[in-house]
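Reminder, nothing fancy here: chain letters follow the sequence lines and each chain counts from 1. Predicted model, so just to flag it, every value in this text is computed and none were measured.
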Protein chains: 2
Amino acid sequence: MGNVTASSRDRIFDAARTLFERDGFAATGVREIAARAGVTPALVIRYYGSKEALLLATMGADETITQIVRGPLEDLGRELVRHILEVSAPGFARRGVFGALVRASDREAVRQRLRQTAEVTTIGPLRERLDGPDADLRARLVSAALLGLITAIEIFGDTDLASADAVRLTAIYGSTIQSLVDPACGGTGHASGSLPSSAPSAP
Amino acid sequence: MGNVTASSRDRIFDAARTLFERDGFAATGVREIAARAGVTPALVIRYYGSKEALLLATMGADETITQIVRGPLEDLGRELVRHILEVSAPGFARRGVFGALVRASDREAVRQRLRQTAEVTTIGPLRERLDGPDADLRARLVSAALLGLITAIEIFGDTDLASADAVRLTAIYGSTIQSLVDPACGGTGHASGSLPSSAPSAP
DNA sequence: GTCTATAGGTGGATAGAC
DNA sequence: GTCTATCCACCTATAGAC
């Protein structure tokens, strides 16, 4: 916060972020990070405590999703999909932030970060904006649907999906997600008639 | 194949599968597997070559999804969601097969397995059954949507999603996925009017 | 503030004997 | 077929010099 000098600490930060995103957490050694930053391995630990803590420090949340969720509701699905495709595109600056965390999800601390990030950046803000029944559940499912797209592209490495026509993909999957955003107001193709009434569930 | 005696090899297999699913790949040591199987660590490697090969050997595909995809199309979305919730339920026998692989997705061989499994068990069979334009893309998106749900529950550990009313969740998300299965035949709530005509895209 | 040197501990994998 | 003993690489952390 407010640091003016770009010192070893920052070079370690940058080196770690780059290598975690490119090679993954397990394959990236503290020695590699140190070498790329031009320091010794000991300094990496001294500044950040551990390799895991360094991972969590470098992998920040994507605030753009929150901004989109706070925007107009009519095109929310398409806007979210469009953004996911944008950040998943090869060459994008923050590409791999999500992938690096998921690939390191063997660690409980990483899973907690993923859970918390989804809750804070997407589910929470979205829940408060949704009308109709099951707002919380639908917000979670919007998050899950986005999660699946980004996982298919960045983790599974589905090149057919990544190289698909972004316009068509956005139109199709955006509409799919939009059906979760819009309250099921009868006869729009939703099987909303079979839904039980919106009785609050959790005591 | 055709082995009658349950020998050390099988005990190693069972021990590895249990521990990988419960504790994850990284947290499970070869020594632990060996101890649980009642053999020495050396034998584990001798039989399966490496810990990674043992993971791939134990983590088989879920053939039930393929059976569902080959079933009736009208309720495909709901049936798929219902099945995902079933296998993700605590206490289910195969719980964690998917999660164990994703949590180990730091390794390229594991990612390849995930990609191939999705292609063979879901995307391929589904693509051939879909009518209308963009069958391949829609099949991939159905797979991605399921992926997101299972990832949210098993990787992120969204307990609110896991403990949600299965009937409501199945109805909502099942309909969402069903909208990808059904060809967009105009006026069912889909913004299909904004879709460009099904012109082949890639030059 | 930064570095050298080092030590402990873990874990996968191998060689060769029984 | 199974075991014993061992190798090697790596992460983590500490102590203390410049």
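Nearest to the side-chain atoms of B/K51 among the listed nucleotides D/dG1, C/dG12, C/dC3 stands C/dG12. Among the nucleotides C/dT4, D/dT2, D/dC3, the one closest to the side chain of A/T40 is C/dT4. Here the side chain of A/V39 is nearest to one of D/dT12, C/dC3, D/dC3, namely C/dC3. In the set D/dG1, D/dT14, C/dA13, D/dT14 carries the atom at the smallest distance from any side-chain atom of A/A42.
Annotation: the span from A/L169 atom CG to A/R78 atom CZ amounts to 13.0 Å, rounded to 0.5 Å.
Under the 4.0 Å criterion applied to side-chain N and carboxylate O atoms, B/R17 and B/E21 are assigned as salt-bridge partners.
Between the CD atom of A/E32 and the C1' atom of D/dA9 there is a distance of 13 Å, rounded to whole Å. The CD1-P distance, from A/I12 to C/dG1, rounds to 13 Å in whole Å. Note: CD1 (A/I33) to P (D/dT12) measures 9 Å, nearest angstrom. When the C1' atom of C/dG11 is taken as reference, atom CG of B/D23 falls 16 Å away, rounded to whole Å. Counting to the nearest Å, the P atom of C/dA13 and the OH atom of B/Y47 are 17 Å from each other. Distance, B/F25 CZ to C/dT10 C1': 15 Å, rounded to whole Å. Atom pair A/Y48:OH and D/dC11:P shows a separation of 18 Å (rounding to whole Å applied). Remark: P of D/dC3 and CZ of B/R46 are 12 Å apart, rounded to the nearest angstrom.
Within the structure, every side-chain polar atom (N or O) of B/S8 is placed at least 4.0 Å from both OP1 and OP2 of D/dG1. B/R31 has no side-chain polar atom (N or O) that falls below the 4.0 Å cut-off from OP1 or OP2 of C/dT10.
A residue-by-residue look at B/L43 and A/S50 shows that B/L43 has its nearest nucleotide of DNA chain D further toward the 5' end.
No side-chain heavy atom of A/R103 sits under 4.5 Å from any side-chain heavy atom of A/F25.
Under a cutoff of 6.0 Å and an axis angle of 45°, A/R115 and B/F156 do not form a cation-pi pair.
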Worked check of side chain to side chain contact (heavy atoms under 4.5 Å, CB included) between B/R107 and B/Q112: CA-CA 9 Å; B/R107 324 216 159 210; B/Q112 181 183 343; over 6 Å; no
